[in-house]
Structure formats: C-alpha cells, structure tokens
Amino acid sequence: MHSGAPVKLRILPAAPGSGVVFRRTDLDDFEVEAISRNVARVSYATSLMKKGVLISTTEHLLSAFIGLGIDNAIVELDNLELPILDGSAQPFVDLILQAGIRRQRRPRSYLRICRPLELREGGKFIGVYPADTYSVSYTINFPHPLIRKETFTVDLSDGNYLRDIAAARTFGLRDDEKAMRNMGLIRGASVENCIVLTRDSVENPPLRFEDEFVRHKVLDLIGDLALLGKQIRGKVVADRAGHAMHTALVSRILRDPTLWEETPAEESDSAPSQARLVVQPAG
C-alpha cells in the first residue's frame, strides 16, 4: 500500500506459545515478534521494528488472526511491507480458512481487563473497560458527505468478525493523493485495494457495507490490539482515534499490571485451545 514494493507472503504453523512472529526471508530469516515493544511508526499504518528491521502495515493480517482465533503463526515475507490485497482482511481470512486451523493442546489464556483505562487527546478518545467478552465500539466523524458521523459496535463472538468486519476496506480521498505520495505514502494504492472518495461520491463503487468506513476502523483497532500478545476480555470504546492511540492504549495496558490479569479460558469458551495453521497457503 505505502511502499509500492512487490512482496511475497507465506503463513506457516507455529508451536504453542509462539505467538505471531514475522520473518524477513530477504534478511536471513530475521524475526520480529508482533508485540508492543516492537511497535515503530504508527501514522497511517502500524509498523514493527527490531534492530532496524522493519515490518510495515501489519494491522490487517493481525486483525484476521484475532477474528479467526489464531494465536500462533509464523509470517514469512521477502520485503518490508505486508501485501494490501483488496484493502481488507477478507483475503487473509479466506486463505487461512483454506489452509485449515488446528487446535493445540496448550489451553488458551486471555488478558482480562480488571479496571477502566481511558486516553484522551484533543477530540480523540479511546478507553477499555472490564467485560466478560471482547467487544469494540467505534465512532468516526469525517467532513465528507458520504461519511460524516458513523458508529459501529461489535461483539467478537459467534462469527461476528467474519460477517461484519473482515470485508471492510481501507479508504482515502482523491484530493489527498498528491500530498500523501509526496510524503512517500500510498505508492501502491489503487482503486483495486482501497475505497477512493471524490469530493461527493465513491469513485469505485459499490460499498460492501453502508457504513464500511467505520467498520474498517474497527478492523484496524482489532489488529492493533493484537499487539497485546493475547486476546482480551474487555470492552473497547474509541472516538476518532487512530493507529497511534490504539498502540498507545496497548502500551499503557501492558505497563500497568493492575489493569489486567491473565485468565484461562472457561469450559464454555467456544475456542478454548490455542490455534495454529495446519498448512501454509500457496503463493
């Protein structure tokens, strides 16, 4: 999306307790763990860096992993940025389901939120609160006639991610294109991998959802919160936040152990075991 560089990506199975690890096959298989301490740039995408090795635009794949209950995977790529595909998490979801998911013997544990945490910056807000499930409520407010104020709330259980979130695509304004390209961004963007908005319409219709814009923000938030290293049990509320606030919330949660506790999955949990991919998608 941003670098415009060609890249090949392969997802492989990983042992229990491995978490998600990115492996740069073009740099002697150097590995960068998908965890908060490796967060680097977070302006228009969430990037990870370890010892100068960059992994860019991680949020869509990490979001797909959370939505599918994948705890452990190795992600190989031969360049610095993950492929944007169609601008959503749906192609990743489809490939993972094609590969198959295997339950692992080690029980899954969750990061359960014990007390509220709220962050504010100007008119932006993000907070997390104790809850028995993982839910997200997001509000956006863009000065565009097709967006304005949109709010979407989803409980990430019972297949809601696959039905309501995975297919929502990233979006951008045609009027911003020149400035962003001059900044070294969106060099790989096209009408094939994002929603392009003119001043009063969608250049490449149709939308997949009437409120696809806010649903994509939910998708991004889920991917960024995957950097906690565990799936959470809590309610997340965001208002005009973005990648920087998402990852700031992750950092604040992990810095204060009084905010959370690690808790095992209950017997009633629909996915009590850690999961990994059975085989890697080809191509």
Next on the checklist: Please list all pairs meeting ring-ring contact (aromatic ring centres under 6.0 Å, His included) that have one or both residues in residues 211-239, counting only residues at least two apart or in different chains.
Outcome noted: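 Listed once each, the pairs are H60-H216, F171-F213.
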Item to check | Passing option when H246 is tested against V236, I222, L221 for side-chain contact (heavy atoms from CB on, under 4.5 Å) | outcome: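 Result: among V236, I222, L221, L221 is the only option passing the side-chain contact (heavy atoms from CB on, under 4.5 Å) with H246.
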Checklist entry - Does D155 offer a backbone N or O that forms a donor-acceptor pair with the side chain of N160 under 3.5 Å? => result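 Such a contact is found between N160 side chain and D155 backbone.
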Item to check | Side-chain donor/acceptor of Y138 to backbone N/O of A241, under 3.5 Å | outcome: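 Flag set: sc Y138 to bb A241 pair under 3.5 Å.
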Checklist entry - Of all residues at least two apart in sequence or in a different chain, which pass the salt bridge (Lys or Arg N to Asp or Glu O under 4.0 Å) check with R23? => result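 Once residues adjacent in sequence are excluded, the partners of R23 under the salt bridge (Lys or Arg N to Asp or Glu O under 4.0 Å) criterion are E31, E76.
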Checklist entry - What residue pairs, at least two apart or across chains, pass salt bridge (charged side-chain N to carboxylate O under 4.0 Å, His left out) with a residue in residues 131-151? => result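 Only R112-D132 qualify under salt bridge (charged side-chain N to carboxylate O under 4.0 Å, His left out).
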Checklist entry - Transitive ILVMFWY cluster of F209 at side-chain heavy atoms under 4.5 Å: who else is in it? => result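 F209 shares its hydrophobic cluster with no other residue.
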Checklist entry - Which other residues end up in the same hydrophobic cluster as F125, if Ile, Leu, Val, Met, Phe, Trp and Tyr are linked when side-chain heavy atoms come under 4.5 Å apart? => result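 Same cluster as F125: Y129, V237.
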Could you tell me whether [X] atom [atom1] has more than 12 heavy atoms of other residues or ligands within 6.0 Å of it?
X	atom1	value
R163	CZ	yes
R37	CZ	no
Y44	OH	no

Just list the side-chain donor-acceptor pairs under 3.5 Å for residues 255-263, sequence neighbours left out, or say none.
from, atom 1, to, atom 2, distance (Å)
R255, NH1, S251, OG, 3.0
D256, OD1, T258, N, 3.0
D256, OD1, T258, OG1, 2.6
D256, OD2, R115, NH2, 2.9
D256, OD2, T258, OG1, 3.3
T258, OG1, R115, NE, 3.3
T258, OG1, R115, NH2, 2.8
W260, NE1, I253, O, 2.9
W260, NE1, D256, O, 3.4
E262, OE2, S109, OG, 2.9

Checklist entry - If you measure from CG on N38 to NZ on K50, what distance do you get to the nearest 0.5 Å? => result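 Reported to 0.5 Å precision, the distance equals 6.0 Å.
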